[in-house]
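Here is the structure we will look at, set down as structure tokens.
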Amino acid sequence: MSERVAEAAPAAPGSSPRARVAGGAWIRSSSVYIAFAALVIFDFIVTPGFRNPAVIRSLLFDSAPVILIALGQSLAIGTRGIDLSVGSVMALSSSIIGITLSLGQGGSMALGIGAGLACGVFNGLLIAVLRIDPLISSLALLVAARGLAQALLGGARMDLPFDGPIPWLGAATISVIPVTAIIALAVAILFAFVVKRTTPGHYAIYAGASRTAAFLAGQPVRATLAFVYGLSGLLAGVAGLFATARLGAADPNYIGVQFELDAIAAAVIGGTPLSGGRISVVGTIFGVLLLEVLDASFIMNDISATYAQILKAAFIVGALYLQRAGG
């Protein structure tokens, strides 16, 4: 009798299949925040010097340009595409800034950002009009933009003046928070508004969910793709300005190297699926912060940066697995 009662007794609410599914979904959706919090707590306890405000300031300086290109990357991924060119576009923006300093720093900054926008629009037209696969078109632009950046400066680094708006941008802080990080946060808020509240943003999400359905519904799919990659290029141009200001030099061989990988990793870890149709702006930002803190953790604990790259790859694979498991 007792065995029958035990068999008939309902399972505890917390152990029901529905609760387990809900718990698994919550873990998947919150994994980037859990990982970030765990890593920060670990570093506060174990990593020497991590509590130093200078470390926090440096992390935020390094994160600002990556946040910008990761936002653009998340939008491209949201349309079932990808933009591999963002790191090279950053380098081209930096070179344009360097060779146009004679026009004044304000003009050189505008031209550097404009170069990023031009690259993005060109990439978008290749994808939208000529229907070239985003992987192929952005890979070609990755090579071409880096080569052009190196050619403009003869493959050499060009130091910037010690005063003016560009050096100020590379060093200015409000308390321990860099101005570039504040600008990146403001851009992220505006980006989220565009994606969630404007027609082009809605079109981008719909095109990612089903490009055929969006086309049959009469949506301007080609114009939407041009907009998406143009915005990605624009953000890469601004990121190139930030990186140039921080470095204090235009350097086509250093600026933006492998940044496209960090941007993709941050977007995917943050919850933007490669299957498209959804974008997580907040998750992307925390994905960037997670990877930057991870790099700092390895460096400050005297561990080779090679392992950080391996761990980034593991994060990407894990994130993709969770997305697939989540259906």
Side-chain angles (χ1 to χ4, degrees), residues 61-73 76 81-127 132 134-161 164-167 169-170 180 183-184 187 226 228-264 266 288:
F61 264 122
D62 293 340
S63 298
V66 186
I67 287 174
L68 293 179
I69 62 172
L71 291 173
Q73 191 70 254
I82 200 164
D83 190 354
L84 297 178
S85 68
V86 288
S88 295
V89 171
M90 286 178 62
L92 180 59
S93 173
S94 178
S95 293
I96 294 292
I97 291 171
I99 66 172
T100 60
L101 281 174
S102 60
L103 302 177
Q105 292 189 27
S108 66
M109 288 191 294
L111 288 172
I113 296 172
L117 175 61
C119 287
V121 171
F122 177 72
N123 190 26
L125 291 176
L126 290 178
I127 296 167
I132 298 175
L135 179 65
I136 302 302
S137 65
S138 62
L139 181 61
L141 188 58
L142 177 151
V143 177
R146 179 72 64 179
L148 179 57
Q150 293 171 336
L152 289 175
L153 290 179
R157 165 177 168 152
M158 179 179 178
D159 292 329
L160 301 180
I166 297 180
L169 190 63
T180 52
I183 296 173
V187 170
V228 166
Y229 287 93
L231 181 57
S232 179
L234 176 65
L235 292 173
V238 179
L241 168 62
F242 284 3
T244 301
R246 182 59 177 164
L247 184 62
D251 191 340
N253 302 306
Y254 172 78
I255 288 178
V257 173
Q258 294 188 345
F259 273 42
E260 61 276 353
L261 303 181
D262 288 346
I264 295 169
V288 172

### Message
Could you work out, with side chain to side chain donor-acceptor pair (under 3.5 Å) as the rule, every residue matching Thr244, not counting sequence neighbours?
### Response
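If we apply the side chain to side chain donor-acceptor pair (under 3.5 Å) test to Thr244, skipping adjacent residues, the hits are Ser94.
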### Task
Sequence neighbours left out, what passes side chain to side chain donor-acceptor pair (under 3.5 Å) with Gln150? Give chain and number order.
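Expected list: Asn253.
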Of all the heavy-atom pairs spanning [X] and [Y], show the shortest one and how long it is.
X: Ala243; Y: Met90; value: CB-CE, 3.9 Å
X: Ala239; Y: Leu68; value: N-CD1, 3.9 Å
X: Met158; Y: Ile99; value: SD-N, 4.4 Å
X: Arg146; Y: Ile255; value: NH1-O, 2.8 Å
X: Gly87; Y: Phe259; value: CA-CB, 4.3 Å
X: Leu141; Y: Cys119; value: CD2-O, 3.6 Å

### Message
Using side-chain contact (heavy atoms from CB on, under 4.5 Å), reason through Ile183 and Leu169 one step at a time and then give a plain yes or no.
### Response
CA-CA 10 Å; Ile183 296 173; Leu169 190 63; 4.0 Å; yes
Point-to-point distance, once rounded to the nearest 0.5 Å, from [atom1] of [X] to [atom2] of [Y]:
X: Ile113; Y: Leu241; atom1: CD1; atom2: CG; answer: 5.0 Å
X: Leu111; Y: Leu117; atom1: CG; atom2: CG; answer: 12.0 Å
X: Leu92; Y: Leu152; atom1: CG; atom2: CG; answer: 6.5 Å
X: Leu103; Y: Met109; atom1: CG; atom2: CE; answer: 12.5 Å
X: Asp262; Y: Ile67; atom1: CG; atom2: CD1; answer: 12.0 Å

Heavy atoms, side chains only, cut-off 4.5 Å: are [X] and [Y] in contact?
X: Leu84; Y: Ile264; answer: yes
X: Ser85; Y: Tyr229; answer: no
X: Leu235; Y: Ile69; answer: no
X: Pro161; Y: Gln105; answer: yes

Output yes when a side-chain donor or acceptor of [X] lies under 3.5 Å from a complementary backbone atom of [Y], and no otherwise.
X: Ser93; Y: Gly237; answer: yes
X: Ser108; Y: Leu101; answer: no
X: Ser88; Y: Leu142; answer: yes
X: Gln73; Y: Asp83; answer: yes

### Message
Going by side-chain contact (heavy atoms from CB on, under 4.5 Å), Val66 matches just one of Leu71, Val288, Val86. Which one?
### Response
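Option passing the side-chain contact (heavy atoms from CB on, under 4.5 Å) with Val66: Val288.
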### Task
Report the C-alpha distance between Val238 and Val187 in whole Å, list the side-chain angles of each, state the deciding distance to 0.1 Å, and finish with yes or no for side-chain contact (heavy atoms from CB on, under 4.5 Å).
CA-CA 10 Å; Val238 179; Val187 170; 6.0 Å; no
### Message
Is it the case that the side chains of Asn123 and Ser137 hold a donor-acceptor pair, with the cut-off being a distance below 3.5 Å and no angle test?
### Response
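Side-chain D/A pair, Ser137 to Asn123: present.
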### Query
For Phe61, does the CZ atom sit with more than 12 other heavy atoms under 6.0 Å from it, leaving out its own atoms?
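Counting other residues, nucleotides and ligands, CZ of Phe61 exceeds 12 neighbours.
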